[in-house]
Amino acid sequence: MAHPPSAETEVLIIGAGPAGSATAIALRQAGIAVTLADRHDFPREKACGDALMPDALRALRRLGLGERLLGPALQARSIHIHAPNGTAVGVRGDFACLPRRKLDQSLLDAARDAGTRFLPRHRVRGPLLNQGHVTGARFSVGGSSSTRRVRARITVLATGAAVEPLRAFHLLLRRTPSALALRAYYRVPDWVARAHPHLYLSYDAAICPGYGWSFPGPDNVFNIGVGIFSDGPDRSAVPNLRDLWDTFIRAFPAAREIVSCGQPFAPPRGAPLRCNLDGAQLHQPGLLVVGEAAGTTFPFSGEGIGKALESGLSAAQAIAATIRGNADDWNAAGPRYEADFRAMHAARYHAYRRAQSWLAWPAMCNLIARRAGPGSFAAQRLEDMIQERGDPRDLFSIPGLCRTVLEGRPPSAPPC
């Protein structure tokens with residue numbers, strides 16, 4: 001179908017992943033006209049752990065999508081964090097797992113149902129500018145030489161970890177990713193699925209400074225993956241991801257059983273991660289950056305869906321406040337969004353980065369796990385950290401470490 005060479009909208013969102021779709025849904029709920037563009041048609045594959053942590057579940061409910069999106073997901077009631085010495089710490093909570101192919105499609109469907117105009121197969125090429133103010137974007141359409149211009153009062157960049165869009169909009173502060181990850185899917189028999197109902201996160205010494213995961217999904221399909229942090233001074237030391245994945249399978253009994261008893265459901269797929277609000281500006285005049293493009297993925301765990309959704313909600317709130325206020329200066333939305341998002345989350349990112357650096361040392365990881373018995377200070381702080389009820393620095397600090405050593409109790413079996 002031929003596209004007109006230009007279009008106009010109030011808000012243009014580039015990227016239809018969780019951050020972009022959440023921004024679109026929230027803006028449509030506020031009555032604001034939205035056009036959402038993506039280089040792919042949907043559904044499409046996305047390398048991810050697929051785990052929906054408590055922050056993601058809260059964001060989906062804020063959008064009014066809890067029942068719609070979580071109905072097809074697998075619900076879990078605990079995450080088991082395994083130290084290099086094999087000690088497991090069980091943390092109770094509300095978790096869910098849904099493949100990103102299904103999650104992203106459902107979010108896009110919700111955005112379109114709310115009245116968002118969707119432009120598939122639109123690859124962004126650069127901004128439209130007026131005296132230094134971003135007024136939309138240029139796209140190539142459908143892999144052809146045809147181009148299209150979409151003008152907007154405010155533009156939102158939600159293009160994930162890709163470097164090219166950030167560079168095209170002159171936002172790039174760091175080219176290299178914060179971490180690299182690889183996942184594969186395995187379908188297992190019923191008895192294997194029943195034996196592993198929890199989310200597993202492993203900090204095995206063989207894959208430090210990284211982690212492995214095994215997350216159960218719908219229809220007995222498990223997401224098995226590894227992540228490796230690449231923030232160290234010697235990037236040449238980052239191993240081959242497939243070799244790291246093989247090492248994790250050999251080292252972690254649950255993953256080994258799932259892979260040996262299951263059938264591959266999809267080929268392995270890798271992706272870069274942008275973490276810790278590091279690597280890109282969050283706004284320019286007329287432009288806001290959300291999701292992984294802004295580095296919203298957490299260090300320590302690699303969890304990114306929840307903060308991507310929350311960044312979209314924060315951006316939508318700032319944009320709506322600007323438009324409702326009939327502001328003469330449309331640039332007010334960007335600084336308001338960044339100030340609000342950093343005020344809510346910057347301290348947590350800093351603490352998660354400290355946790356990442358500490359847990360890269362197997363001895364430190366073992367110490368915390370040994371002292372994190374049920375009811376202990378360390379166990380409660382880990383639960384608060386995952387539930388985002390408290391400050392992670394309560395545990396990952398010198399006073400927190402001292403209290404962990406003094407007050408911890410030997411662990412028993414993790415909760416079921």
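The model shown is predicted, which means the values in this text are computed figures rather than measured ones. Worth knowing before you read on, the calculation uses all heavy atoms, side chains too, and leaves out hydrogens, waters and symmetry mates.
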Stepwise, does the side-chain hydrogen bond (donor to acceptor under 3.5 Å, both in side chains) test hold for Arg370 with Thr87? CA-CA 7 Å; Arg370 282 197 304 268; Thr87 302; over 6 Å; no

If you apply the rule side chain to side chain contact (heavy atoms under 4.5 Å, CB included), what do you find for Leu52 with Leu103, and how did you get there? CA-CA 10 Å; Leu52 298 172; Leu103 174 70; 4.1 Å; yes

I would like to know whether Phe139 and Arg125 meet side chain to side chain contact (heavy atoms under 4.5 Å, CB included); could you show each step before the answer? CA-CA 5 Å; Phe139 299 90; Arg125 293 305 184 187; 5.9 Å; no

Yes or no on side chain to side chain contact (heavy atoms under 4.5 Å, CB included) for Glu292 and Leu273, after CA distance, side-chain angles and deciding distance? CA-CA 7 Å; Glu292 198 170 14; Leu273 303 177; 3.5 Å; yes

Arg92 vs Arg77, side chain to side chain contact (heavy atoms under 4.5 Å, CB included): CA-CA, chis, key distance, verdict: CA-CA 6 Å; Arg92 293 184 181 273; Arg77 293 291 175 260; 5.6 Å; no

Do Arg174 and Asp278 pass the salt bridge (Lys or Arg N to Asp or Glu O under 4.0 Å) test, and can you show the C-alpha distance, the side-chain angles, and the key distance before you say yes or no? CA-CA 7 Å; Arg174 167 182 169 160; Asp278 181 19; 3.1 Å; yes

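In this structure, Gln263 places its CD atom where only 12 or fewer heavy-atom neighbours from other residues, nucleotides or ligands lie under 6.0 Å away. In the displayed structure, Trp358 atom CH2 is contacted under 6.0 Å by more than 12 heavy atoms of other residues, nucleotides or ligands. Within a 6.0 Å sphere centred on CZ of Phe265, other residues, nucleotides and ligands contribute 12 heavy atoms or fewer. Counting heavy-atom neighbours within 6.0 Å of Arg187 CZ, excluding the residue itself, gives a total above 12. In this structure, Gln317 places its CD atom where only 12 or fewer heavy-atom neighbours from other residues, nucleotides or ligands lie under 6.0 Å away.
A donor-acceptor distance shorter than 3.5 angstrom exists from the side chain of Glu303 to the backbone of Gly306, with no hydrogens or angles considered. At least one donor-acceptor pair closer than 3.5 Å links the side chain of Asn223 to the backbone N or O of Cys48. Of the possible donor and acceptor atoms, none in the side chain of Asp384 sits under 3.5 Å from a partner among the backbone N and O of Arg389. A donor-acceptor pair under 3.5 Å is formed between the side chain of Arg28 and the backbone N or O of Ile32. A side-chain donor-acceptor contact under 3.5 Å links Ser397 to the backbone of Gly400. The backbone N or O of Arg123 lies less than 3.5 Å from no partner atom in the side chain of Arg39, so there is not a single donor-acceptor pair. When atom types are taken as modelled, the side chain of Asp38 and the backbone of Ala16 share a donor-acceptor pair closer than 3.5 angstrom. In terms of modelled atom types and a separation under 3.5 Å, the side chain of Ser21 and the main chain of Pro18 share no donor-acceptor contact. For the pair Arg354 (side chain) and Phe396 (backbone), a donor-acceptor distance under 3.5 Å is present.
At least one side-chain heavy atom of Leu129 sits under 4.5 Å from a side-chain heavy atom of Val134. Between Glu10 and Ile323, the closest side-chain pair of non-hydrogen atoms falls below 4.5 Å. The side-chain heavy atoms of Glu45 and Arg269, taken from C-beta on, include a pair separated by under 4.5 Å. Side-chain contact between Thr155 and Leu128 is absent, with no heavy atoms from C-beta onward closer than 4.5 Å. Within the 4.5 Å cutoff, the side chain of Ile81 has heavy atoms near those of the Tyr203 side chain. Side-chain contact between His122 and Arg148: present, with at least one pair of heavy atoms (C-beta onward) separated by less than 4.5 Å. Residues Tyr352 and Cys275 are not in side-chain contact: their nearest non-hydrogen atoms beyond the backbone lie 4.5 Å or more apart. When side chains are defined from C-beta on, Ile224 counts as touching Phe248, because their heavy atoms get closer than 4.5 Å.
With Lys307 as reference, Asp55 is the one residue of Asp55, Thr296, Thr297 to meet the side chain to side chain donor-acceptor pair (under 3.5 Å) rule.
The line from OG1 of Thr35 to CD1 of Ile13 is 9.0 Å long, rounded to the nearest 0.5 Å. One distance of note links SG of Cys97 with CD of Gln75; it measures 9.0 Å at 0.5 Å rounding. Distance check: Ile154 CD1 to Ile319 CD1 gives 5.0 Å after rounding to the nearest 0.5 Å. Expressed to the nearest 0.5 Å, how far CG of Leu241 lies from CD1 of Ile207 amounts to 11.0 Å. Leu382 CG to Thr404 OG1: the interatomic distance, rounded to the nearest 0.5 Å, is 8.0 Å. Distance check, rounded to the nearest 0.5 Å: CG of Leu98 to CD of Gln105 gives 11.5 Å.
Taking each heavy atom of Leu244 and Gly227 in turn, the nearest pair found is CD2-O, 4.4 Å. Scanning both residues, Arg101 and Pro43, for their nearest heavy atoms gives NH2-CG, 3.5 Å. Listed here is the closest heavy atom pair of Arg336 and Thr322: NH1-N, 3.6 Å. Counting all heavy atoms, side chain and backbone alike, Leu309 lies closest to Leu107 at CD2-CD1, 4.2 Å. In plain terms, the two heavy atoms of Pro189 and Asn220 that are nearest each other are C-ND2, 3.9 Å. For the residue pair Ala355 and Met385, the shortest heavy atom distance occurs at CB-CE, 4.0 Å.
Tyr200 and Phe252 have their aromatic ring centers within a separation under 6.0 angstrom.
Between the side chains of Thr147 and Arg149, no donor-acceptor pair of N or O atoms lies under 3.5 Å. Between the side chains of Glu257 and His196, at least one donor N or O lies within less than 3.5 Å of an accepting N or O. No hydrogens or angles considered: nothing links the side chains of Asp204 and Ser202 as a donor-acceptor pair under 3.5 Å. Between the side chains of Arg250 and Thr247, at least one donor N or O sits under 3.5 Å from an acceptor N or O. Under 3.5 Å, the side chains of His133 and Asn331 contain a donor-acceptor pair of N or O atoms. Arg274 and Ser178 share no side-chain donor-acceptor pair at under 3.5 Å. Between His345 and Tyr349, the side chains place no donor N or O within less than 3.5 Å of an acceptor N or O (distance only, hydrogens not considered).
Every pair tested for ring pair (Phe, Tyr, Trp, His ring centres under 6.0 Å) that includes a residue from residues 160-188 fails, sequence neighbours excluded, so the list is empty.
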List the atom pairs, with distances to 0.1 Å, where a side-chain N or O of residues 59-70 and a protein N or O form a donor-acceptor pair under 3.5 Å, not counting sequence neighbours.
unit_1	atom_1	unit_2	atom_2	d
Arg68	NH1	Asp113	OD2	3.3
Arg68	NH2	Asp113	OD2	2.8

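Under the ring pair (Phe, Tyr, Trp, His ring centres under 6.0 Å) criterion, Phe95 pairs with no residue, sequence neighbours left out.
Geometrically, Arg194 does not engage Trp191 in a cation-pi contact defined by less than 6.0 Å to the ring centre and at most 45° from the axis.
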